Amino acid sequence: MEHINPFTNAMKNLHRAGAALGLSAEAVEKIGMPDSIIQRELTITMDNGETKVFPGYRVQFNNARGPYKGGIRFHPEANLDEVKTLAFLMAIKCAVVDIPMGGGKGGIQVNPKALSEGELERLSREWVKTFYRDIGPDKDIPAPDVYTNPLIMSWMADEYSKLVGEDTPAAFTGKPLEVGGSAGRDTATAQGGFYVFQELAKHKKMVPAETTVAVQGFGNAGYHIARLFHEAGYKVIAVSDSKGAIYDKRNGGMDPENIMNTKKQKGMIDGCYCVGTVCDCENYKLISNEDLLKLNVDVLVPAALENQIRSENALEVKAQVVLELANGAITPEADAELYKRDIIVLPDSLANAGGVTVSYFEWLQNKNGESWTEEKVFTELREIMARSFQAMWELSQEKHIHLRDAAYLLGVQRIADAMPTAKE
Ligand code: NAD
């Protein structure tokens with residue numbers, strides 16, 4: 001398998017955009033340079049009394065347009081290259097949807113599934129004790145990412161408030177509603193992706209009942225997008241999690257809510273017996289995550305981790321549309337291959353920007369002491385996603401470039417405009 005450094009991939013995209021926009025090499029270099037890379041050891045006491053050390057990260061990328069903003073990932077393979085890449089993508093993403101935020105990302109290299117709840121809480125609070133001077137509601141506002149969730153954000157916001165001596169809900173987003181979270185934040189990433197998809201579906205005149213969908217990943221992004229497709233009448237025929245995938249042999253479309261219940265209960269569903277976290281039964285066939293990517297579906301949604309569609313499997317992707325909910329799910333080589341084959345990629349920088357957009361709404365509500373209804377959140381979100389899609393679509397048509405490049409052009413141009421020294 002090709003070795004993929006995700007940061008190198010992100011820089012390839014940036015350089016292409018910089019050249020197309022006529023930016024100077026110096027300006028491009030500046031945009032591709034993090035403002036700070038912070039790596040510190042986090043030490044906690046485990047339940048058995050032993051102490052354990054975990055590498056912790058925060059990378060901040062370009063605050064010319066506003067405070068740094070981006071999630072914290074808990075994953076055994078989290079590393080600096082990954083966090084750096086994701087922080088850069090956040091800067092681009094915020095600019096693509098035109099919200100006044102820069103890029104940030106954090107992480108801990110840990111397998112959270114191997115920790116007790118008490119250990120997870122101590123580790124989450126330790127991240128804040130270690131990084132709280134580097135973040136803050138006007139400086140850098142973290143949020144959830146892979147294997148972090150509203151509960152973890154509530155511990156983190158609480159720890160931050162204790163350390164600075166005042167209640168500061170705006171220091172973290174993605175919190176539970178009761179402690180200053182926003183209505184709609186839990187489903188915002190998927191909801192935003194779905195709005196983007198719906199704009200494309202209008203152009204392509206796609207009919208829900210005749211359109212099949214496969215979703216890789218069944219967490220915050222993956223579960224909710226599968227649910228939204230199902231609720232809108234699309235046929236979801238495959239979903240997966242880290243342990244494997246299930247494919248609906250009937251081609252009739254599975255109900256993601258039932259699958260989620262089964263996943264939680266590991267019991268019987270629709271004549272299925274569930275083994276581990278996926279179901280093996282008459283109607284469903286167990287397949288691998290790799291097989292899911294190659295299914296003969298109309299829409300493929302990678303919603304798990306990066307580098308899933310690579311040069312060695314891009315030729316086998318059969319979908320007409322790839323909705324890239326996971327960050328960096330497609331390598332540049334694979335992207336070029338998909339473009340050559342007229343497969344439309346709705347790129348991560350727009351497709352999953354609903355999460356940060358509603359995080360921005362949450363931050364605004366906390367700052368202004370407001371509490372928006374879910375209807376207001378989704379109305380504003382839809383408008384932003386539809387407007388951003390339209391801008392990206394028109395630019396791609398006008399310049400005959402693929403959608404990722406069009407999104408990058410919009411984002412990079414906006415960042416360059418906010419950095420007077422980046423202009424030629
Ligand atoms: P999550 O932790 O809620 O879910 C991750 C899912 O991926 C789980 O179902 C897990 O089982 C699955 N998974 C893990 N490893 C896998 C593998 N090797 N193959 C297949 N599935 C695997 O995470 P999430 O928040 O849904 O994030 C998923 C992606 O979406 C990430 O790329 C993340 O950066 C991106 N994203 C999330 C948000 C958000 O608000 N949650 C916002 C923007 C982007």
Side-chain angles (χ1 to χ4, degrees), residues 6 69-78 82-83 85-90 92-94 96-97 103-107 110-113 120 142-153 172-175 181-182 184-193 196 214-227 238-246 256 259-260 263-264 276-278 287-293 300-310 313 323-330 346-362 381 385:
K69 182 92 197 74
I72 301 177
R73 177 174 290 201
F74 288 2
H75 196 273
E77 280 150 37
E82 181 184 73
V83 176
T85 310
L86 293 168
F88 169 74
L89 283 176
M90 287 306 296
I92 297 290
K93 195 180 304 186
C94 291
V96 169
V97 285
K105 207 79 179 187
V110 59
N111 177 8
K113 292 179 190 170
L120 191 62
D145 191 69
V146 174
Y147 296 150
T148 52
N149 56 29
L151 177 63
I152 292 177
M153 293 305 113
F172 285 82
T173 59
K175 302 179 293 295
S182 175
R185 175 61 185 90
D186 51 344
T187 57
T189 301
Q191 191 69 60
V196 170
V215 180
Q216 186 194 47
F218 209 54
N220 178 284
Y223 165 63
H224 288 296
I225 196 74
R227 185 183 56 75
V239 296
S240 74
D241 68 11
S242 60
K243 307 232 168 71
I246 46 174
I259 305 289
M260 182 52 102
K263 185 173 149 83
K264 281 183 187 156
T277 55
V278 285
I287 57 172
S288 67
N289 261 293
E290 190 63 26
D291 291 339
L292 179 142
L293 300 172
L300 176 62
V301 188
L305 296 172
E306 49 266 33
N307 298 332
Q308 296 301 299
I309 304 178
R310 308 169 301 272
N313 63 3
L323 175 63
E324 193 186 25
L325 272 197
N327 282 307
I330 306 172
L346 290 164
D348 52 0
S349 55
L350 178 61
N352 69 27
V356 72
T357 304
V358 175
S359 267
Y360 165 60
F361 295 163
E362 180 177 334
L381 177 65
M385 300 312 281

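Owing to the predicted nature of the structure, the values given are computational and were not obtained by experimental measurement. Read the numbers this way: they start at 1 and go in the same order the structure lists the ligands and their atoms.
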Is there any protein N/O under 3.5 Å from an N/O of ligand 1, and what does the full list of such pairs look like?
unit_1   : atom_1 : unit_2 : atom_2 : d
ligand 1 : 2 (O)  : Tyr147 : N      : 2.8
ligand 1 : 3 (O)  : Asn220 : N      : 2.8
ligand 1 : 9 (O)  : Phe218 : N      : 2.9
ligand 1 : 9 (O)  : Gly219 : N      : 3.1
ligand 1 : 11 (O) : Ser242 : N      : 2.9
ligand 1 : 19 (N) : Asn289 : ND2    : 3.4
ligand 1 : 26 (O) : Asn220 : N      : 3.1
ligand 1 : 26 (O) : Ala221 : N      : 2.8
ligand 1 : 32 (O) : Ala304 : O      : 3.1
ligand 1 : 32 (O) : Asn327 : N      : 3.0
ligand 1 : 34 (O) : Arg73  : NH2    : 3.0
ligand 1 : 34 (O) : Asp145 : OD1    : 2.9
ligand 1 : 34 (O) : Asn327 : ND2    : 2.8
ligand 1 : 40 (O) : Arg185 : NH1    : 3.3
ligand 1 : 40 (O) : Arg185 : NH2    : 3.3
ligand 1 : 40 (O) : Thr189 : OG1    : 2.6
ligand 1 : 41 (N) : Asn220 : OD1    : 3.4

Could you give me the CA-CA distance, side-chain angles and deciding distance for Ile152 and Phe74, then say whether side-chain contact (heavy atoms from CB on, under 4.5 Å) is met?
CA-CA 11 Å; Ile152 292 177; Phe74 288 2; 3.9 Å; yes

Is any side-chain heavy atom of Val110 closer than 4.5 Å to one of Tyr147?
no

With the side chain counted from C-beta on, respond yes when Ile309 and Leu300 share a heavy-atom pair under 4.5 Å apart, and no when they do not.
yes

The side chain to side chain donor-acceptor pair (under 3.5 Å) partners of Lys105 (sequence neighbours excluded) come to Asp145

Tell me yes or no: between the side chains of Asn220 and Asn149, is some donor less than 3.5 Å from an acceptor?
no

Testing the 3.5 Å rule here: is there a donor-acceptor pair between the side chains of Arg73 and Thr148?
no

